[in-house]
Amino acid sequence: MHFAFNKEIVRSITRSWTRFLAIFAIVALGAGFYAGLRMCAPDMRITVDHYLDETGFFDVRLVSTLGFTESDVAAVRDVAGVEAVGTEIVADATATVADRRTTVRVHSLDTTAAAGSEVTAGGGVASDDPTYLNRPILMDGRWPERSGECVIDESKLYANSAQIGEQVVLTAGVRPLEDTFGRTDFEIVGIVHSSYYLSFTRGLTTLNDGNIDRFIYIPEEDFAHPETYTDLHVLVRGVAGASPFDAAYDDIVDPVKGSLEDLGPVRAAARLAEVRAEAQATLDEGHREYADARAKADAEFAEVEAELADAAVKIAAAEEELADGQAEYDRGVRELAAERSALAVRRAEAQAQIDAGRAQIASQQAQLDQLAAALPLLQAQVAAARTAVDDLRAAYDAALAEEALGHTPSPSSAELAVSLGDAEAQLTTAQAEYAEQFAAYDAGVAGIAAGLAQLDAKQLELDQGVRQAELEFASAQRSLAAARRALADGREELEDGRRELAEGRATFERERADAEAELADALAQLDDARVEIDELEMPEWFVLGRDTNLGYASIAGDADRIEAISVVFPFIFFLVAALVALTTMTRMVEEERTLIGTYKALGYGKGVITSKYLVYAGIASVAGALGGILIGSQVLPKTVWRAYTTMYTAPPALTPIDVPLALTAGVASVSITLVATLWAAGATLRESPATLMLPRAPKPGKRIALERVRPVWSRMSFSHKVTARNIFRYKKRLFMTVIGIAGCTALLLTGFGLKNSISDVLAKQYGPIYHYDTIIGFDEGALDLASGEGSLELALGDRDDFTGHLVIHNDGVRLTNAEDPAPGDTNGIDGALTGGKNAQTTMMEGYLSVPRDAERLSGFISLRERVGGAPVPLTDEGVVLTEKIADRLGLSVGDTIRVEQVGLTGTVDHEETRTFTVAGVTEQYVSHFVYMTPTLHEDAYGEVPAYNQVLAVSGLAGDGDDDERDQLSQRLLALDGVTTVQFTDDITSSFDDMLESLDSVVYILILSAAILAFIVLYNLTNINVTERQREIATIKVLGFYDAEVNAYIYRETALLALLGCALGLVLGIGLEAFVIITAEIDVVMFGREIHTMSYVYSAALTLVFALVVNVAMVPRLRRVDMVESLKSVE
Amino acid sequence: MAFVRFEEVRKVYHMGEVEIPAADGVTFDVERGELAVIVGPSGAGKTTVLNMLGGMDTVTSGTIRLEDDDVSAYSRRRLTEYRRYDVGFVFQFYNLVPNLTALENVELAAQICRDPLDAAETLREVGLEHRMDNFPAQLSGGEQQRVAIARALAKNPRLLLCDEPTGALDDATGKQILALLQDTSRIGGRTVIIITHNHALTAMADRVIHISSGRVMDMRVNPDPVSADEIEW
Ligand SMILES: Nc1ncnc2c1ncn2[C@@H]1O[C@H](COP(=O)(O)OP(=O)(O)OP(=O)(O)O)[C@@H](O)[C@H]1O
Ligand SMILES: [Mg+2]
């Protein structure tokens, strides 16, 4: 080409750099956005692929129901296409990690290989050991070196909850811990990441709430059976170059998978035989052991029995002896008694004699006494006689005297003398009698005395004899007492012995019973073992691809989602780019009309002249495309990846430029521009040089349709009419501006709406839907076990901590539409719920939720329709689904849902599969639930559910008082059966991080929208100003003030901006909805509502952009020089 | 006191190092109601002079007076008002707003004035009563120029300035336009200044000012101006 011509091109760029810039920028934006967005998904895949390669991620994972042995490993290694085989033991357990009950998946670690591995620059792990696969990455600390050490994952959900030096204690397993683990306590020595766990959700298990919280790696030796592996990981030869997301990868891996699937039954049979033989051996050994134990026990029993018999004999002898002693004693007692009675008899006799003697004496005495008593009588008689004598004597004497005197006394003296004689005789008789009597008395007294003495002697003798005998008796009594004591002692001894014997026997009986029971148990176990052996099924090999890995599958899904979005977005930019190029180049060609005419006149061909514009537009667009692609392909994938990786543990994005995509972006954007240029130049170039040299007939003014609407038109102000006509005169510009501004507003609305939708997830979930703020998890059955006083229920009810609580059952289930075929369970391991490649039927992971008190549910969870908010009742008629389940499975009220219980390692227990009628659909954002009443549960499953959670309202939420909540948590955990206490606030704050990372996406959208608006508006204004320079100059000459001049031009821009803005709001609703629905991750439902303020912000920002451009263009309008502009026709 | 007075007006353009004195001490007067013709060769500085007088350009030095007002001392804002209320301008290339009908083009000017003439009436006066609703592109050059004149007149300006009003027109049409302008001065009593490089026009002028190389070479009053129709090109 000609030198001058080239120079002219260069000059036309430098002279009109704003125009150049407009094309450059819009192409940069379009190409950059296209390339960047389209590269997001590939970059995600590349990043993941690289990360997986670098960490030795498996191509095929083998899981067997009976585990694998070295011979299995060898067999797998021999399969064609297998590059390396890694072995692993994996088991789930409930553990206490740093005082928090946690469900962990425990992996075995090859400590030697781990110690020898090295973190690579790319964030992977290199190892010399080809069998060291799924290599974890040590982030902190060191690798386990000895038994009892472990490394644990870095968990964003349980941030800071496990530090190096803390303990992990396994407390329960799927099977008894000792069957699986060699030990249960481990010290954390390091923190790891693992490509095996890309996503924060670690997978499913049968333990606890069904979710694995964390994973740990322990030395292989700390498993009980380090020689039996649960998982084999296979690297396939020749996949290094192929992306696992491509069909090429499947082409390489599928045959190997096929071979392994074929190998499965073969090895399975061998393995079965092996296991059976092993089990049989164990069983035989068990039987032997049992026999031994039996014999030993029997011998022991016999021995003890003999000992006991011996003791019994001894006791019998002792008994006899004791009886003899007793007899002797009894005899002694009898003899003594006899003697005593004999003595008594004798004594009595003697005493009787004595007494008789005494009696005799007494009678003698009495006689004597009579005598004695008679004596005075006699004496008196004597005395009387004496007196009578005396008297008679006296009377006689007197009578004698008288007589003597002569008297004849009557009684005469004679007579008296006779009487005296008589009296004297009588006296003598009396005296004699007295004397006789007295003598007799004396003799009696003497006799008595003698008798008494004799008696006293006898009495003495008797008393002495008795005393003697008493003494003898006492001694005999003493010896008898001694004998009795001895006997008592002996008896006691005997009792003791007897008791001992009885005890010994009882103990023996008990022990024997125990031993027998034990033996019986052992026997039963052996029988069980035999049954087990008999029932041993052919082990099944599950040959699993990468798509069954939860993290991998969900990233793959995310990449697909992004890809879907990336197809739609750039369309706006390309469309606007085309319109910008078209208007700009049209303007340029028009401006250079005369020049073109001159060139033509000078003899330049059409092609050459066109080439000028093509070159011009080409340079601008190629430069723009390059710049845009370079920036876009870096910024967009990184931002999107960062937003997504809040949910993954993954390295920073790799953003190599995808050449085909970059070329597509470049070629598309450049060719759009060039086509627009050709179109723009075409019409003008067809004109003859002569007409070109003439000033172009101004584009004829036209009446617009609006003018025919007289009532409107006639009411419009004059300058509004001008604006209206102008708008409709330049249709290209109209479209460019309206579409551009609409795009801008739509992007803004999408950005803000995205933020709304995602922040609504929690705002709505924990606002109008969930009213509880605390979830208390407890052991299944704890509620029932502890019923009565001091039960968990009462403990919770009594607390002032809560204003209310609701007992509920929550359990992980797999959900499908009952009309779809039941999904198989081979794809069920781990990846079951991700809907991997094999899935024919759409499946969803969810929870079966049964409130014990369905009427009170609304105080804790509001079931309501999202649109309108009408409450959804929970009745015995059917289940209430959360919205996304209904959406994804295509279910509505009256349809039937299939609920499958997820069993061991994600497989499905078909016995427990039920179908339910859908009675309602409720608004829900986080996780998915199938609500049912206890009655319905009982009807379906035959039992009330095992309640395992309490939803409670503490009122502590939202006030951010961590201390108070910690204390509450401590108090609750101290209750029997309580295992976890979770505050919804914690969930909320962990979600906030995710929201924050989304900000970058929103910023990018705002920035792009701003750029779009600026380019379009600047371009429009620029074109308007340059093209209508004469018009502007004219009205300036006519005396329009600056403000009037601005208004004259900007009214149009403003109107177009408003139009675009309105259109953009409508488009934005659709775009946002598309992005939200496409980008939505499985576990949540994003909000479906764009907030009013977002419309306001989007519109306001758009108008602010428009204002900024207009303000920026004001100086340009001012600079329009009347003199220059009007000098001549260009 | 003259209606329009130029006193030693200089306008110097700077083209890099070079100074181009487009007007190099221009001095002349025009009396009220006169039809003055400024004539001179191409590049003489005629347009420069008219632009300065029309308030579209500023002087480098010297003074321009319209009656008692010192136009050369006006601020930007005052200049705008001056153009708005005091001056009507007719361009060589009409400079009609292409998107407005003939009537609307006139209204465009009239609507901003304090004491405008009726737009339709003005158009009728210039003989375009039948073309009022036509867009400029639908009008011939002469018709367009008449619209332009109507637009200038409708503002009811103190001064009507025309830069080569016939430059793009054929003779016959040119004459019609000139006649219109002459009538504006004669009948309307308006002061009209016409620029041309065509000496033939001097015959119809009340006053002829010769400009060459930015200086007034000659200024004389034509005691006997002929009618525009009689001009010989
Ligand atoms: N903006 C400008 N910059 C530099 N020089 C200029 C500018 N405008 C005019 N000139 C110069 O000033 C001189 C006078 O120009 P002007 O346009 O006034 O001439 P004119 O008499 O109107 O000529 P014509 O009859 O060709 O229109 C010319 O030499 C021109 O080159
Ligand atoms: Mg000129």
Side-chain angles (χ1 to χ4, degrees), chain A residues 590 694-704 707 713-714 716-730 733 1024 1027-1049 1051-1052 1118-1130, chain B residues 11 13 22 47-48 50-52 54-58 76-77 79-102 104-114 119 133-139 144 148 151-152 154-155 157 161 163-164 167-168:
Chain A
E590 261 167 33
L694 284 178
R696 179 167 190 217
K699 200 170 178 186
K702 254 196 248 154
R703 299 211 174 270
I704 57 173
E707 290 179 50
W713 187 253
S714 58
M716 277 167 69
S717 89
F718 181 74
S719 36
H720 288 164
K721 287 179 186 170
V722 178
T723 307
R725 266 205 210 112
N726 273 341
I727 285 176
F728 291 106
R729 187 163 60 145
Y730 304 105
R733 279 175 228 173
N1024 272 350
E1027 188 185 64
R1028 292 158 71 184
Q1029 207 148 4
R1030 293 180 78 81
E1031 206 172 307
I1032 295 163
T1034 306
I1035 62 168
K1036 277 188 165 185
V1037 171
L1038 287 177
F1040 277 59
Y1041 293 126
D1042 285 344
E1044 287 169 336
V1045 175
N1046 293 348
Y1048 187 80
I1049 295 296
R1051 194 173 292 113
E1052 204 178 311
R1118 265 186 83 130
R1119 274 204 310 274
V1120 169
D1121 188 7
M1122 289 170 282
V1123 180
E1124 290 302 308
S1125 311
L1126 299 175
K1127 209 175 248 173
S1128 65
V1129 170
E1130 285 155 0
Chain B
K11 177 75 189 179
Y13 291 110
T47 302
T48 308
L50 200 69
N51 284 348
M52 289 187 290
M56 296 193 286
D57 213 345
T58 49
R76 187 185 153 86
R77 167 86 188 176
L79 270 180
T80 308
E81 280 176 9
Y82 169 69
R83 290 197 301 271
R84 194 175 180 111
Y85 301 123
D86 297 335
V87 183
F89 222 105
V90 179
F91 306 96
Q92 179 178 3
F93 298 111
Y94 335 128
N95 286 327
L96 297 180
V97 177
N99 211 20
L100 300 179
T101 61
E104 285 162 352
N105 261 289
V106 179
E107 280 172 341
L108 179 68
Q111 65 162 357
I112 58 168
C113 295
R114 264 198 288 260
D133 287 336
N134 285 98
F135 286 99
Q138 297 163 326
L139 299 173
Q144 286 190 47
R151 182 172 72 182
K155 291 175 74 179
L161 306 176
D163 190 352
E164 305 268 11

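First the proteins, then the strands, lettered A, B, ... as listed; each starts at 1. Below, all heavy atoms of this structure are taken into account, side chains as well, without hydrogens, waters or symmetry copies.
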Can you give me every donor-acceptor pair (side chain of residues 107-114 of chain B, partner residue at least two apart or in another chain, under 3.5 Å) with its distance?
none

So which part of [X] gets closer than 4.5 Å to some heavy atom of chain A, the side chain, the backbone, both or neither?
X: B/Asn95; result: both
X: B/Asp133; result: both
X: B/Tyr85; result: side chain

Practice task
Run the salt-bridge test on A/Arg725 and B/Glu104 with the 4.0 Å N-O cut-off and return the result as yes or no.
Solution key: yes
Problem - Side-chain donor or acceptor of B/Arg83 paired with backbone N/O of B/Gly55 under 3.5 Å - result: yes
Fill in the blank from the handout: Residue set satisfying side chain to side chain contact (heavy atoms under 4.5 Å, CB included) with A/Ala724, at least two apart, ordered chain then number -> A/Ile704, A/Leu706, A/Trp713, A/Met716
